[in-house]
Number of protein chains: 2
Amino acid sequence: MQSVRNDIHTSSIPALCQSCESRHQGICAALNAQQLSALSKHTRRVHHHAGDQLLADAEPITSYGNVLHGVVKLSKILEDGRQQVVGLQFAPDLLGRLFANESRVTAEAASDVDICMIPKLALEALVRQNPELEHRVMLQTLRELDEARDWMVTLGRKTAAEKVASFLYLIASHIDPGGEVTTFDLPLSRADIGDFLGLTIETVSRQMSKLKADNVIEIENYRHVLVPDLARLRVRCG
Amino acid sequence: MQSVRNDIHTSSIPALCQSCESRHQGICAALNAQQLSALSKHTRRVHHHAGDQLLADAEPITSYGNVLHGVVKLSKILEDGRQQVVGLQFAPDLLGRLFANESRVTAEAASDVDICMIPKLALEALVRQNPELEHRVMLQTLRELDEARDWMVTLGRKTAAEKVASFLYLIASHIDPGGEVTTFDLPLSRADIGDFLGLTIETVSRQMSKLKADNVIEIENYRHVLVPDLARLRVRCG
DNA sequence: CGTGAGATTGATTGGGATCAAGGATAGTGG
DNA sequence: CCACTATCCTTGATCCCAATCAATCTCACG
């Protein structure tokens with residue numbers, strides 16, 4: 001661990017944070033200039049390419065990560081290789097389970113991502129002295145729990161067609177600027193979508209083709225989707 | 001609501017709490033005698049019979065509840081009636097999503113339950129002035145999130161046989177005193193188990209019969225189950 | 001252009017849903 | 001104590017949706 005000189009005469013915001021798109025979002029919004037300054041001495045911004053593994057299941061966690069850009073995929077794998085995606089994280093979500101010594105999921109960059117790495121002990125110390133920060137993380141955790149439970153309904157009780165519509169609606173909602181027509185890039189491959197929905201690649205592909213044939217969506221380049229009318233997609237979600 | 005005289009000269013623990021089996025568990029463990037005393041003015045212990053509804057989806061929350069005894073079932077229902085159980089709560093879990101104004105799930109007593117009702121505002125005030133309390137709730141929420149994600153794997157990727165084995169293993173683990181042979185009462189009907197596993201009643205029944213035929217479990221009275229060897233059940237979980 | 005990864009489409013199979021009938025158990029009232 | 005009933009559960013027969021197996025297509029990239 002490096003020695004840290006803390007300049008108590010200025011509480012200016014660190015350059016790294018000043019230009020950071022998450023400065024006023026997520027956990028950083030709960031920090032004052034001085035805390036931000038102290039924390040930023042330990043953080044570093046890293047870039048990962050799609051497919052890179054960020055956390056391995058059952059491996060020790062040494063850092064938390066603040067997702068700045070891109071999408072991170074959380075998944076669990078059974079011994080025989082069956083995989084289930086259990087969550088997606090978008091900016092400015094915090095990556096890594098607070099207070100846990102080892103990860104309970106595998107985290108992979110679903111797209112190219114930028115992440116602000118925060119050493120485990122640095123963040124936990126800050127949490128202890130700043131209840132507002134824990135409160136922020138608490139709110140994110142509650143939201144993730146809500147999302148997980150919503151998804152359990154999709155996994156347990158919806159048909160393949162409803163599952164695929166629900167996934168597209170989920171992504172569209174995350175992107176949606178509110179306009180009538182919505183376009184977006186899928187952050188996941190067909191294989192990952194299948195692992196998210198508990199379906200095979202083939203079934204995902206067939207249902208997407210069906211939605212296209214029914215003019216609910218348009219597809220260009222596999223990854224780019226256009227939804228002319230979100231409400232018409234919505235009613236397919238079951 | 002009954003009037004309660006509080007002896008301000010002592011910070012003795014309220015009688016109601018003194019005999020409470022959750023006094024040193026769950027959120028109450030984070031409270032000192034004085035806080036407990038203040039809180040207990042607003043709480044009351046209630047009993048509900050199996051099947052009683054405790055919270056309705058999309059209805060305002062006016063009270064949190066500390067589960068003291070029994071099992072509470074959290075579920076979500078699609079418009080057309082399809083139902084998915086999204087969580088089970090055992091003592092000493094806190095019932096009701098902190099900071100939310102309305103429930104996002106339906107909560108029902110799965111068995112007969114005893115619950116200590118805590119008015120929403122009373123608990124939230126206490127949370128604000130007691131970070132340790134929020135920390136406790138945070139830990140429960142993180143655990144629920146872990147459980148939800150584990151269950152997503154079961155829902156999305158396991159076969160009917162593995163799902164039923166996983167459910168029995170889940171219940172057995174919650175009861176397990178550590179002995180070799182485990183016996184317990186199922187807290188859910190076949191219909192509820194189906195709604196938990198994303199299966200029909202018939203499939204649940206068939207898989208239970210199969211486990212019985214394979215001598216993995218013994219069944220008496222529909223509800224009472226005996227597991228001679230937990231490890232043999234475990235390997236059926238996929 | 002050739003290659004390979006990812007996606008689509010088609011044919012067939014199978015696991016779990018659905019439809020249907022009957023058995024076990026607890027509660028009720030005679 | 002014994003029908004009577006309602007509820008819950010089990011078991012069987014059949015059907016259908018999604019998995020599997022297999023072939024082809026698309027496109028990015030060397």
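Chain letters run A, B, ... following the sequence lines, proteins first, then strands; residues in each count from 1.
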Quick one: which of dT18(C), dG10(C), dG6(C) gets closest to the side chain of Arg206(B)? dT18(C)

Under-3.5 Å donor-acceptor pair between Gln207(A) side chain and dC17(D) base: no

Under 4.0 Å between a side-chain N or O of Ser205(B) and OP1 or OP2 of dT11(D)? no

Does Thr203(B) or Ala191(A) map to a spot on DNA chain C nearer the 5' end, using the closest nucleotide for each? Ala191(A)

Does this structure show an ion pair linking Glu108(B) with Lys76(B), if we count only N-O contacts that are shorter than 4.0 Å? no

Decide yes or no, distance alone: a donor-acceptor N/O pair under 3.5 angstrom between the base of dT26(D) and the side-chain of Arg190(A). no

Nearest to the Glu202(A) side chain among dC21(D), dG6(C), dT25(C), which nucleotide is it? dC21(D)

Does Thr200(B) put a side-chain nitrogen or oxygen below 4.0 Å from OP1 or OP2 of dA17(C)? yes

Look at all strands and tell whether Leu199(A) reaches a base, only sugar-phosphate, or nothing, counting heavy atoms closer than 4.0 Å. sugar-phosphate

Which nucleotide in the set dC9(D), dA28(D), dT9(C) lies at the smallest distance from any side-chain heavy atom of Ser189(B)? dC9(D)

Side chains of Leu186(B) and Leu168(B) in contact at under 4.5 Å (non-hydrogen atoms): yes

Looking at every strand, decide which applies to Gly198(A) at a 4.0 Å heavy-atom threshold: base, sugar-phosphate, or nothing. sugar-phosphate

Presence of salt bridge, Arg206(B) and Glu202(B), under 4.0 angstrom: no

Determine yes or no for a side-chain-to-main-chain donor-acceptor pair under 3.5 angstrom, with Ser205(A) supplying the side chain and Ile201(A) the backbone. no

